[in-house]
There are 2 protein chains.
Amino acid sequence: MNNQHQITLKDIAQQLKLSVSTVSRALKGSTDINAETSKQVLALAEELKYSPNPIALSLKDKKTKVIGVMVQEIANNYCSAVIAGIENFACKMGYQTIISQSHEKYETEVQNTRLLASRRIDGLIISISNETRNTDHLQELIDKGIPVVMFDRVSNAIATHKVIVDDYRGAFEATCQLIEQGYENIAHITISKHLLITQNRLRGFTDALRTHQLPVRSEWILHCDFNTEATENKIRHLFCSTKRPDAVLLSVERLSITCLKVLRELELQVPDDVALSSFSDNPLSPFLNPALTSVCQPTFAMGQLAVELLIELIESKQIIKEYKTVQMKTTLHVHESSLRKAVAVGEK
Amino acid sequence: MNNQHQITLKDIAQQLKLSVSTVSRALKGSTDINAETSKQVLALAEELKYSPNPIALSLKDKKTKVIGVMVQEIANNYCSAVIAGIENFACKMGYQTIISQSHEKYETEVQNTRLLASRRIDGLIISISNETRNTDHLQELIDKGIPVVMFDRVSNAIATHKVIVDDYRGAFEATCQLIEQGYENIAHITISKHLLITQNRLRGFTDALRTHQLPVRSEWILHCDFNTEATENKIRHLFCSTKRPDAVLLSVERLSITCLKVLRELELQVPDDVALSSFSDNPLSPFLNPALTSVCQPTFAMGQLAVELLIELIESKQIIKEYKTVQMKTTLHVHESSLRKAVAVGEK
DNA sequence: ATTGCAATCGTTACCGGTAACGATTGCAAT
DNA sequence: ATTGCAATCGTTACCGGTAACGATTGCAAT
């Protein structure tokens, strides 16, 4: 049973004693063919379960109908939700996706981007890694004629369509919510300072503090990477200082988990001792202990939009010079982790 | 800058006034070539950043070096963790993966499987949908010479390599843990009765009850699908009966979330009113409210093994007749959701 | 009878690789 | 001088499609 070969035009042509081009015409619904011949071809194609070889088409048309997606980690709620949106729209448009991971490493991102390019993808959707500061590997792709669309962690150095959220406002609102609950000593645990999202979220955070006449303490702004142990140590140090924060705004979900872990270890209660608020898109956030106040992003829609923009770039005949950056809105879901207990509120 | 074409052997050949085959030889490290010529070719290839067109190779070799992966949902912890394992090993072996989703629908699974096949994937890794009872679409692939490896939700109807866990023992142990805590009225909320994992987990569950001389109540065995509303109603009905269970074993993580939701709505406390134990691979399980007792699977290793077996099938010269089913172990992580409070234990 | 054209089909080239085969050259062995 | 062979390179065919172009046939229009 094994090693059956896939049916080709040639097989059909030979059986019907026709040329491959006639068979091709019949299958493509050309009018340049006898109706009877066409019917025979279609019937046999159906019977043999013929399906055209996309490899042959790709070679000829120099289009693979494959889109590359580069994210930090598939097993990450945010990423997999965006990918779900990408798949949804890409599929409708007849594109398939190949997903690649950077694992938050610059070197891996560069290598895997080149690997995708060597696969002759028609375009790339990317959210850069925490380490990435140089984006030449992306410019390389664009120079080769492979369009790139960025989302989430975008870069100013690349001129292309981008899909982001209003990180500034997301952080601002979350910080204000903490302040309104009476928290005045708020720390910010975030990722690489070189990422735009980090900078925007940080500005949102500090602006919220300043708006409420609260001081900004630089030692309470932690830039972490994805080395869990190092991050745990940093956070532990933060909470073991003589004066410790009574609230934290976290920039990404993974950090909030690490933070929760450390707080448990230190036997600090959330939100009694420390309140938490985090950028997060985990559907389980409301079921956490305590339920985690979350700045949510329209992940699925972001994915859909990113592919839509990418396909626009891929299929447009003329060279596009005008690139747009679409900024979507975040939603603050307030839960227990950033809410003063009723008693405490009463005392205020 | 746009529409730069990719460098081909022809480009290099023309610049060096050589034939493409000589260039090809040089790049492939053939000895059948002058050392000096070879050096020139390699230097120019480097300079022009030549990378071979995998499409052309695929067409010639009838191998795409692409593996299809069909799962129910990417945005699902279990799936994305297995996929991470698949990617890890596939990448090392020079394969790329295309991920496709069934969204728990039989029709979608069949369609997308055919789509993958039409893409000429070298092999497929699949966990079938909750609706799937007929697996002809997989046999079709195998008959075409495209090997298939199944994991998690496997089928007896297909003869091939399979990677599963000991579902029976996983369910048995989890149920015993509940019984040992003094819970005697245990329900089982699970998925389609046609899936082997469902049958094995159910057997583990009922055998544990019988071992402890507890009755098996058929009305307390709920088979759900992924229609959240219908499932919520079923669960609500279960807990609103005159005699309600005091513990539940859940077959998949998603159901445990739905169950948690309903219990909150009904203001039933976990584990005071109802204890919960669930098959789950969410890293957040220990941080849930209450921390969820989980039957965990070695997801990453399962993914790795599944590709390893698949690549073995793809690359083996002779036809393989002996298929193996690798059964891995589950681990029970006991947390608050299935632990009697100290007081209650004292009363026992 | 010739011409033109529509209808219908086949031939050929091409996409970018590789492998089989062939061709050329020069030198050593006879 | 002839033969054989190694070294080195080019030609060709093929993978499976499609499009451009060409060929044939028969009939209507002149």
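Below, read A as the first sequence line, B as the second, and so on, with proteins coming before strands; counting in each chain starts at 1.
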Colleague: Rounded to the nearest angstrom, tell me the gap between atom CG in A:Leu27 and atom C1' in D:dA19.
Modeller: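 For the pair A:Leu27 CG and D:dA19 C1', the rounded distance is 16 Å.
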
Colleague: Only pairs with both distances under 3.5 Å count, Watson-Crick or wobble alike; so what is the partner of D:dC27 in this structure?
Modeller: C:dG4

Colleague: Ignoring the backbone of B:Thr22, work out which of D:dC9, C:dT11, D:dG16 is nearest its side chain.
Modeller: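 Closest nucleotide among those given: D:dC9.
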
Colleague: Using a cut-off of 4.0 Å on non-hydrogen atoms, how would the nucleic acid contact of B:Leu18 be classed: base, sugar-phosphate, or nothing?
Modeller: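 Sugar-phosphate: the residue B:Leu18, judged by heavy atoms under 4.0 Å, touches backbone atoms but no base.
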
Colleague: Looking at C:dG16, D:dT18, C:dT18, which one has an atom nearest to any side-chain atom of A:Lys60?
Modeller: D:dT18

Colleague: Taking the minimum atom-to-atom distance to the side chain of A:Arg25, which one of D:dG16, C:dG10, D:dC14 wins?
Modeller: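 Selected nucleotide: C:dG10.
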
Colleague: Any donor and acceptor pair, going by atom type alone, linking the side chain of B:His194 with main-chain N or O of B:Arg133 inside 3.5 Å?
Modeller: no

Colleague: Within the structure shown, what part of the strands sits under 4.0 Å from B:Thr37 by heavy-atom distance: base, sugar-phosphate, or nothing?
Modeller: sugar-phosphate

Colleague: Between atom CG of A:Leu59 and atom CD1 of B:Ile55, what is the distance when rounded to the nearest 0.5 Å?
Modeller: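 It is 7.5 Å, given to the nearest 0.5 Å.
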
Colleague: Under 3.5 Å for both donor-acceptor distances, Watson-Crick or wobble: does C:dG16 have a partner, and if so which one?
Modeller: D:dC15

Colleague: For B:Leu9 and C:dG16, what is the distance between atoms CG and P respectively, to the nearest whole Å?
Modeller: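 Going from B:Leu9 (CG) to C:dG16 (P), I get 10 Å.
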
Colleague: Only one of B:Glu140, B:Glu109, B:His137 forms a side-chain hydrogen bond (donor to acceptor under 3.5 Å, both in side chains) with B:Arg114, so which one is it?
Modeller: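 Only one option passes, and that is B:Glu140.
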
Colleague: Going by distance alone, is a donor N or O of one side chain under 3.5 Å from an acceptor N or O of the other, for B:Ser24 and B:Ser21?
Modeller: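 Side chains of B:Ser24 and B:Ser21: no pair found under 3.5 Å.
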
Colleague: Are any of the side-chain heavy atoms of B:Lys65 and B:Gln96 separated by less than 4.5 Å?
Modeller: no

Colleague: For DNA chain D, whose closest nucleotide is more 5', that of B:Asn34 or that of B:Lys62?
Modeller: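 Result: B:Asn34.
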
Colleague: If the cut-off is 4.0 Å, is A:Ser21 near the phosphate of C:dG10, judged by side-chain N/O to OP1 or OP2?
Modeller: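 So the side-chain polar atoms of A:Ser21 never come under 4.0 Å of the phosphate oxygens OP1 or OP2 of C:dG10.
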
Colleague: In whole angstrom, what separates B:Leu57's CG from D:dC14's C1'?
Modeller: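 Distance check: B:Leu57 CG to D:dC14 C1' gives 13 Å.
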
Colleague: B:Tyr50 has an atom OH; how far is it from atom P of C:dG16, in whole Å?
Modeller: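 Result: 10 Å.
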
Colleague: Between A:Arg153 and A:Glu104, is there a salt bridge with N-O shorter than 4.0 Å?
Modeller: yes

Colleague: Grab the NZ-C1' distance between A:Lys28 and D:dG16 for me, whole Å please.
Modeller: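 Result: 14 Å.
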
Colleague: From D:dG17, D:dC15, D:dT18, pick the nucleotide closest to the side chain of A:Thr8?
Modeller: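 Ranking D:dG17, D:dC15, D:dT18 by closest atom to the A:Thr8 side chain puts D:dG17 first.
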
Colleague: Rounded to whole Å, how long is the line connecting atom NZ of B:Lys39 with atom C1' of D:dC9?
Modeller: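 So the NZ-C1' distance, B:Lys39 to D:dC9, works out to 19 Å.
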
Colleague: What contact category does A:Ile7 fall into here, base, sugar-phosphate, or nothing, at under 4.0 angstrom with non-hydrogen atoms?
Modeller: sugar-phosphate

Colleague: Round to the nearest Å and state the distance from A:Asp61 atom CG to D:dG16 atom P.
Modeller: 17 Å

Colleague: Looking only at the side chain of B:Ala56 (C-beta and beyond, no hydrogens), which of the listed nucleotides C:dG17, C:dC15, D:dG17 gets closest?
Modeller: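 That would be C:dG17.
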
Colleague: Using both distances under 3.5 Å as the test, list the Watson-Crick or G-U wobble partner of D:dG22, or none.
Modeller: C:dC9

Colleague: Please state how far atom CD in B:Gln6 lies from atom P in C:dC14, giving the value in whole angstrom units.
Modeller: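 B:Gln6 atom CD is separated from C:dC14 atom P by 21 Å.
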
